[in-house]
Amino acid sequence: MSLLGRLNLQAIQHGWVIAAGQLTLVGVMLLVLGYLTFTKRWKWLWREWLTTVDPKRIGVMYILFAGLMGLRGLTDAAMMRAQQAVSVGGNHGFLSPDHYQQIFTAHGTIMIFFLAMGLMFGLINLVVPLQIGSRDVAFPFLNATSFWLYAMGGMLLNLSLVIGGFAATGWLAYPPLSELAYSPGVGVDYWIWGLQVAGIGSLLSGINFMVTILRMRAPGMSLMKMPMFCWSVLGSLSLIIFAFPILTATLTMLALDRTLGMHFFTSYYGGNPMMYVNLIWAWGHPEVYILILPAFGVFSEVVATFSRKPLFGYKSMVWAIWGIVLLSFLVWLHHFFTMGAGADVNAFFGIMTMAIAVPTGVKIFNWLFTMYRGRVRFATPMLWFMGFVALFTVGGVAGVIMALPPADFQLHNSLFLVAHFHTMIVGGVVFGYLAGLTYWFPKFTGFKLNERLGRYAFYCWFFGFLLAFVPLYILGLMGATRRLDHYDPSLGWHQLFIVAGIGVAVICAGVGFQVLQLIVSIRQRKQNLDTTGDPWNGRTLEWSTASPPPAYNYAVIPNVENKDAFWAMKKLKTPLPETRYESITMPKNTIMPLVIASFAFALGFGMIWHMYWLSILGLLAIISCIVIRGSADEHEYVLSAAQVRQTEEALKERYV
């Protein structure tokens with residue numbers, strides 16, 4: 001075998017659609033490089049971003065990378081809907097069946113692993129340390145490494161657009177289709193190693209933030225005084241720590257099947273494809289709640305703030321979170337009721353699926369009761385919440401229907417399932433994170449987003465979603481299956497697919513309004529400056545510090561006596577802690593997380609193309625970097641009390 005393994009010139013020979021994507025990707029990269037060079041920002045990029053261990057900057061990078069991946073995923077969705085709208089009868093559309101399946105797989109993979117997870121960890125990095133009154137996270141170096149592993153996993157996945165191709169198996173890559181006999185190319189390997197690298201980053205980040213929440217809260221902040229967003233994040237992190245090792249082990253076994261000829265999931269030599277399905281959904285269904293729980297936490301903060309009331313039923317909300325965490329591990333089999341597990345097993349998982357709707361319903365009613373008799377202000381974050389309530393309720397009812405095994409036997413693998421899943425993920429997760437980004441945007445930039453354009457974006461998202469997915473519910477009931485790239489006109493589906501395509505176009509218009517909103521807000525930032533640190537009249541600690549916060553978050557760590565600590569300070573006119581500035585120890589910037597993640601990228605690339613020498617070198621380099629980092633001294637620096645005072649006085653002058 002050559003040094004290049006399976007890599008050859010044929011790996012970059014693609015059709016015109018993929019070539020257009022390649023040119024776009026390369027063009028964007030050249031524009032970015034040209035901009036950095038022309039504006040002489042390479043040193044700034046190195047100092048402020050590439051080497052940073054500040055969770056606020058890491059949070060911004062998570063959100064930016066997730067946004068770019070989201071644009072890729074949205075492009076895939078638009079291509080699929082366009083194909084389904086025109087590929088009928090004698091017209092076979094503009095995508096080949098294999099390319100359509102690659103796009104189908106990439107869309108699901110990108111949106112779950114890289115858009116939703118990226119937005120989630122971005123908000124966690126930005127908000128959690130501030131909400132618990134901490135200056136930093138528990139393990140800053142580990143936090144930076146987690147981000148770069150996530151980013152390198154996404155880059156590895158996108159590299160398949162240029163070199164090779166992506167999996168055509170569906171976003172969960174069920175065997176036997178994902179086994180070597182049926183997918184002999186590199187597509188499944190790109191899927192495995194892109195997710196493996198990013199998934200390890202997610203696991204490390206989960207450990208880091210769980211320790212941060214449990215060990216670094218401000219004095220007086222007991223667990224039952226934590227903001228609800230932190231409770232929701234803690235529940236999500238618990239699921240990450242227990243669920244992601246399942247994903248890591250499952251991907252490892254599939255990789256061993258493909259590279260070393262093992263038979264964990266083959267249907268011969270003792271393998272069992274159904275073991276893969278059980279394992280992937282034992283991770284997969286908790287993953288849904290890993291994503292949705294922080295969004296629930298966002299809504300808890302938004303509704304209380306814009307209703308000017310304490311959150312109704314705080315304790316019941318906490319118990320609901322942990323009810324969801326527990327039950328989320330007892331529902332995975334409802335994803336394959338049709339696989340022959342038996343009536344007793346199906347009945348148990350059907351009952352558990354219906355049961356998990358109870359704690360979710362508790363949260364919905366508590367939010368609505370929080371609004372009851374409150375002085376509700378329908379700013380853009382509240383619009384996202386109202387849209388969530390409408391869509392999530394519809395999606396939840398559809399989910400309970402599918403929890404009935406007899407109904408699932410008819411609806412399984414249909415577009416009804418696709419519509420239900422998107423209603424929960426878009427209506428719950430995406431709307432939640434967009435509400436959170438709008439709500440906390442002034443805290444980390446110092447100015448608000450344009451409200452009018454934000455409303456336009458919401459209306460396009462909401463009504464576009466209805467246009468895009470209500471037809472899919474109907475099509476599912478009519479028998480249309482997912483992964484469908486061509487159909488006969490006699491089935492009567494064509495008009496509904498056209499409506500669904502129009503809906504995606506309206507959603508794209510909503511994304512366009514969000515991009516325009518960001519551009520206009522930056523240009524008009526002087527008119528929308530946050531000169532108080534508290535633009536929404538917030539309730540929790542993050543609003544008590546400057547906007548944007550200094551690197552150390554708090555010059556004086558606050559003392560917490562109430563659940564809504566900052567609201568209580570304002571209401572009782574509690575004086576802020578006496579300003580006794582002290583020296584603050586901060587972690588030093590380091591390039592090592594990026595270096596480790598780059599070697600992980602090399603390891604994955606080597607495994608994909610059977611360049612095993614590159615994988616071995618990558619692994620040895622990662623181990624060497626960890627040893628070097630562990631044996632080095634002076635990972636921190638000290639901000640003197642005089643420097644802290646100077647920074648705080650400069651912030652006060654800005655607010656005068």
Side-chain angles (χ1 to χ4, degrees), residues 6-28 68-115 154-174 176-195 258 413 415 418 422 468 472 475 480-488 493-494 497-498 500-501 504-505 508 608-609:
R6 295 188 287 177
L7 186 59
N8 54 50
L9 288 177
Q10 292 180 347
I12 57 174
Q13 296 176 6
H14 300 296
W16 69 270
V17 177
I18 298 179
Q22 292 173 342
L23 291 174
T24 302
L25 182 63
V26 173
V28 170
L68 292 174
M69 295 296 284
L71 290 176
R72 160 78 198 276
L74 183 63
T75 303
D76 289 339
M79 293 174 67
M80 286 191 292
R81 287 291 171 262
Q83 171 74 8
Q84 290 177 324
V86 301
S87 181
V88 55
N91 187 350
H92 288 266
F94 60 97
L95 296 174
S96 68
D98 182 68
H99 189 195
Y100 180 88
Q101 298 304 324
Q102 289 186 42
I103 291 172
F104 178 93
T105 305
H107 170 72
T109 304
I110 285 170
M111 290 306 207
I112 293 297
F113 288 94
F114 296 99
L115 172 65
M155 292 179 191
L156 190 59
L157 185 144
N158 275 292
L159 187 61
S160 66
L161 187 66
V162 179
I163 304 174
F166 199 57
T169 56
W171 74 281
L172 287 179
Y174 282 5
L177 187 55
S178 58
E179 290 286 351
L180 201 58
Y182 298 97
S183 295
V186 296
V188 175
D189 300 298
Y190 268 116
W191 182 85
I192 289 171
W193 291 100
L195 297 194
R258 292 180 58 84
N413 207 39
L415 289 181
V418 174
H422 281 78
L472 298 196
L475 284 163
T481 61
R482 54 186 173 176
R483 310 182 190 183
L484 190 72
D485 69 295
H486 184 75
Y487 51 93
D488 192 272
W493 297 346
H494 191 205
F497 275 121
I498 290 175
V504 171
C508 290
I608 290 165
W609 289 101

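Values in this document were obtained by computation on a predicted structure and should not be read as measured data. The analysis underlying the following values was restricted to heavy atoms, covering all of them including side chains, and did not include hydrogens, waters or symmetry mates.
- Remark: Arg72 engages Asp76 in a salt bridge (Lys or Arg N to Asp or Glu O under 4.0 Å) (not counting sequence neighbours).
- The ring-ring contact (aromatic ring centres under 6.0 Å, His included) pairs that include a residue from residues 76-107 are His92-His486, where partners are two or more places apart or lie in different chains.
- In plain terms, the two heavy atoms of Leu95 and Gln83 that are nearest each other are N-OE1, 3.1 Å.
- Interatomic distance, Thr105 OG1 to Trp191 CH2, rounded to the nearest 0.5 Å: 9.5 Å.
- At least one donor-acceptor pair closer than 3.5 Å links the side chain of Ser87 to the backbone N or O of Asp485.
- The minimum heavy-atom distance linking Ser178 with Ser183 is given by the pair CA-OG, 4.1 Å.
- Under the 3.5 Å distance criterion, the side-chain polar atoms of Gln101 are matched with a main-chain donor or acceptor of Arg483.
- Looking at Arg81, its side chain never comes within 3.5 Å of a backbone N or O of Ala505 through a donor-acceptor pair.
- For Asp488, the side chain to side chain donor-acceptor pair (under 3.5 Å) test picks out Ser490, with sequence neighbours left out.
- Between Phe166 and Leu157, some side-chain heavy-atom pair lies under the 4.5 Å cut-off.
- Closest approach of Met111 to Leu74, counting heavy atoms only: CE-N, 3.4 Å.
- Here the side chains of Leu195 and Phe114 are in contact, with some heavy-atom distance below 4.5 Å.
- Among Val186, Ile163, Ile608, the one residue that satisfies the side chain to side chain contact (heavy atoms under 4.5 Å, CB included) test with Leu7 is Ile163.
- The minimum heavy-atom distance between Leu71 and Thr75, with the atom names listed, is O-OG1, 2.8 Å.
- Here the side chain of Gln84 pairs no donor or acceptor atom with the backbone of Phe497 at under 3.5 angstrom.
- Pairing each heavy atom of Leu177 with each of Ala168, the nearest pair is CD2-O, 3.9 Å.
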